[in-house]
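Structure record follows, encoded as structure tokens.
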Amino acid sequence: MVSFMSEPKKLFIKTYGCQMNVYDSERMAEALGSKGYIETTSADDADMILLNTCHIREKAAEKVYSELGRYKDLKAEKPDLKIGVAGCVAQAEGEEIIRRQPLVDLVVGPQSYHRLPAMEDAVRAGEKALDTDFPEDDKFDTLTKRAKVSRGPTAFLTVQEGCDKFCAFCVVPYTRGAEVSRPSTRILREAEELVASGVREITLLGQNVNAYHGHENGLAGLIWDLDKIDGLERIRFTTSHPNDMDEALIDAHASCEKLMPYLHLPVQSGSNSILKAMNRKHTAESYIKLIARIRKARPDLLLSGDFIVGFPGETEQDFADTMDLIREVHYGQAYSFKYSTRPGTPAAEKPQLPDEVMNERLQALQSLLREQQTETQNTMVGREVKVLFEKSGREDGQMIGKSEYLHAVYANAPQSVFGTVQSVRITESSTNSLAGTLI
Ligand code: 5AD
Ligand code: SF4
């Protein structure tokens with residue numbers, strides 16, 4: 001007789017928000033792997049559903065509740081199905097989630113994933129499990145080693161979490177807590193394992209990654225140690241704060257060949273009075289000067305940024321200052337958002353701007369940023385770039401990869417280029433990608 005006892009249980013994780021959540025979801029899947037779970041891409045055949053949530057902008061919690069509501073019938077059909085909420089909404093809402101949505105069995109904050117196996121035992125025993133502590137131990141160290149499954153050539157690696165900057169609009173210091181850096185020895189070990197399993201590019205992640213202090217020489221020190229790993233070809237990092245771009249990191253952009261010429265350096269606004277109200281602790285001028293220093297070190301660097309329009313008190317002149325800063329800096333890539341009130345943050349107390357004003361400003365800002373992005377992408381035509389091929393394209397014989405500048409590049413190439421870096425001459429620029437031919 002076939003025993004069904006040993007059949008793996010299926011885990012469906014839905015990930016919202018930033019790359020740190022993508023990384024966390026992977027680690028949660030690994031943690032639950034120790035309890036016999038394998039991942040599935042559909043909620044319908046899952047034994048456990050985990051929503052890894054984001055709380056950065058408004059309505060996040062509402063979206064989670066409405067998503068949870070959709071699992072009601074599924075749970076009725078399958079009483080053994082367990083449903084969990086992880087991530088920043090879990091941290092912010094805690095027990096309230098179980099009160100409001102009794103379908104939920106498990107609530108786990110971003111610092112407690114390593115406790116998932118024990119929490120799974122509890123929910124299988126019919127209990128509710130809640131853990132939103134900020135434990136002292138390094139959750140990543142307690143988690144099982146990253147499985148040596150065959151993986152793509154790129155990977156995220158979280159090196160620090162949390163933030164001490166307290167920008168007036170941002171929930172991160174509350175949901176992810178104070179800045180904590182992982183020791184570089186553990187990161188290097190994890191990086192070596194990733195490379196041994198086929199990874200060629202590592203993106204170091206942190207909410208405030210350049211504040212990393214788990215190495216005596218900061219993030220630059222860690223990058224230089226990673227540079228020594230044979231087989232690792234590319235290093236990236238995100239997201240940075242302008243005030244933590246130290247000389248050593250700028251130098252690394254000049255002289256570390258594995259460090260890619262791409263930098264995400266949010267400024268949020270170009271108005272000094274708004275920057276002050278945002279508690280950013282830098283000015284538009286200091287940011288522009290910093291960009292000049294970085295570009296001197298690495299002239300071809302592609303710059304990316306984040307912008308918020310409609311922060312409380314933002315006047316037409318403040319907004320015009322942001323547009324001027326964008327024109328002066330010129331971004332190859334950017335993300336922009338309407339200001340969204342986050343309860344508990346200092347800015348939430350201030351009177352809000354009308355939605356129409358925010359919409360209008362966001363449109364104008366996005367159209368300028370789009371223009372710059374297109375211009376930057378178009379300048380690639382005719383140039384030779386290095387592409388790390390990551391997957392097959394839809395057409396036969398087509399492969400897709402990323403250039404040094406993080407542009408998606410399509411090329412006719414054999415499957416054998418998968419996971420390798422190849423020289424490609426760019427021949428065409430379309431809406432969100434480039435096309436080229438192997439050299
Ligand atoms: N409203 C709008 N955008 C926000 N961000 C963070 N908090 C808010 C908020 N309350 C944006 C910032 C940040 C990015 C990750 O999200 O631009 O850099
Ligand atoms: Fe939030 Fe980034 Fe500011 Fe930290 S530096 S408070 S994560 S916006």
Side-chain angles (χ1 to χ4, degrees), residues 15-23 53-63 87-89 91-92 110 158-181 203 205-213 219 237-245 263-271 274-282 286-287 290 303-314 318-319 322 325-326 329 331 333-353 355 357-359 361-362 365-366 369:
T15 307
Y16 300 80
C18 66
Q19 292 136 326
M20 299 200 54
N21 271 9
V22 175
Y23 177 84
T53 60
C54 169
H55 204 230
I56 196 93
R57 279 171 290 276
E58 226 168 349
K59 302 201 186 96
E62 291 317 308
K63 268 190 223 152
C88 293
V89 173
Q91 190 65 44
T158 293
V159 302
Q160 74 81 228
E161 279 190 281
C163 182
D164 298 332
K165 292 280 190 286
F166 290 94
C167 297
F169 50 82
C170 185
V171 284
V172 165
Y174 311 96
T175 54
R176 292 270 175 166
E179 200 279 325
V180 179
S181 292
T203 301
L205 297 180
Q207 263 101 21
N208 194 179
V209 74
N210 57 343
Y212 175 76
H213 60 266
L219 187 66
F237 61 89
T238 197
T239 287
S240 300
H241 190 285
N243 292 0
D244 293 311
M245 279 309 292
L263 179 64
H264 183 64
L265 197 61
V267 65
Q268 314 294 356
S269 167
S271 149
I274 293 296
L275 287 170
K276 192 158 198 298
M278 284 178 164
N279 192 32
R280 289 287 296 178
K281 301 195 183 83
H282 61 76
S286 67
Y287 178 83
L290 173 65
L303 193 71
S304 162
D306 286 346
F307 298 89
I308 296 179
V309 299
F311 184 80
E314 187 187 74
D318 292 323
F319 177 64
T322 300
L325 178 137
I326 294 173
V329 171
Y331 289 85
Q333 165 70 39
Y335 303 90
S336 47
F337 314 97
K338 275 195 291 185
Y339 169 72
S340 168
T341 310
R342 308 313 296 126
T345 60
E349 309 294 319
K350 300 189 181 164
Q352 310 296 299
L353 259 59
D355 210 37
V357 174
M358 291 207 262
N359 285 336
R361 290 180 188 171
L362 186 67
L365 181 114
Q366 289 187 334
L369 288 168

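Read the numbers this way: they start at 1 and go in the same order the structure lists the ligands and their atoms.
Listed by chain and number, the protein N, O or S atoms at a distance under 2.8 Å from atom 4 (Fe) of ligand 2 are C163 SG.
Less than 4.0 angstrom separates some heavy atom of F169 from each of these atoms of ligand 2: 8 (S).
Between the side chains of T175 and Q91, no donor-acceptor pair is found at a separation under 3.5 Å. Between the side chains of T203 and Q19, not a single donor N or O lies within less than 3.5 Å of an accepting N or O.
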What donor-acceptor contacts under 3.5 angstrom involve side-chain atoms of residues 164-172, with partners at least two apart or in another chain?
unit_1, atom_1, unit_2, atom_2, d
D164, OD1, E179, N, 3.0
K165, NZ, N208, OD1, 3.3
K165, NZ, D244, OD2, 2.7

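Between the side chain of Q207 and the main chain of G162, a donor-acceptor pair closer than 3.5 Å is present. Although no hydrogens or angles enter the test, the distance criterion places a donor-acceptor pair under 3.5 Å between the side chain of S181 and the main chain of H213.
Relative orientation of the Y335 and H264 rings is perpendicular, given thresholds of 30° and 60° on the angle between their planes.
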Please produce the table of protein N or O atoms sitting under 3.5 Å from N or O atoms belonging to ligand 1, one pair a line, distance to 0.1 Å.
unit_1, atom_1, unit_2, atom_2, d
ligand 1, 1 (N), S340, N, 3.0
ligand 1, 10 (N), F169, O, 2.9
ligand 1, 10 (N), S340, O, 2.8
ligand 1, 16 (O), R57, NH1, 2.9
ligand 1, 17 (O), Q268, OE1, 2.6
ligand 1, 18 (O), Q268, NE2, 2.9
ligand 1, 18 (O), D306, OD2, 2.6

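When the salt bridge (charged side-chain N to carboxylate O under 4.0 Å, His left out) test is applied to E349, no partner is found at least two apart in sequence or on another chain.
Remark: L265 CG to S240 OG distance equals 6.0 Å, nearest 0.5 Å.
Between V357 and F319 the shortest side-chain heavy-atom distance does not fall below 4.5 Å.
Enclosure of atom NZ in K350 by more than 12 non-hydrogen atoms of other residues, nucleotides or ligands within 6.0 angstrom is indicated.
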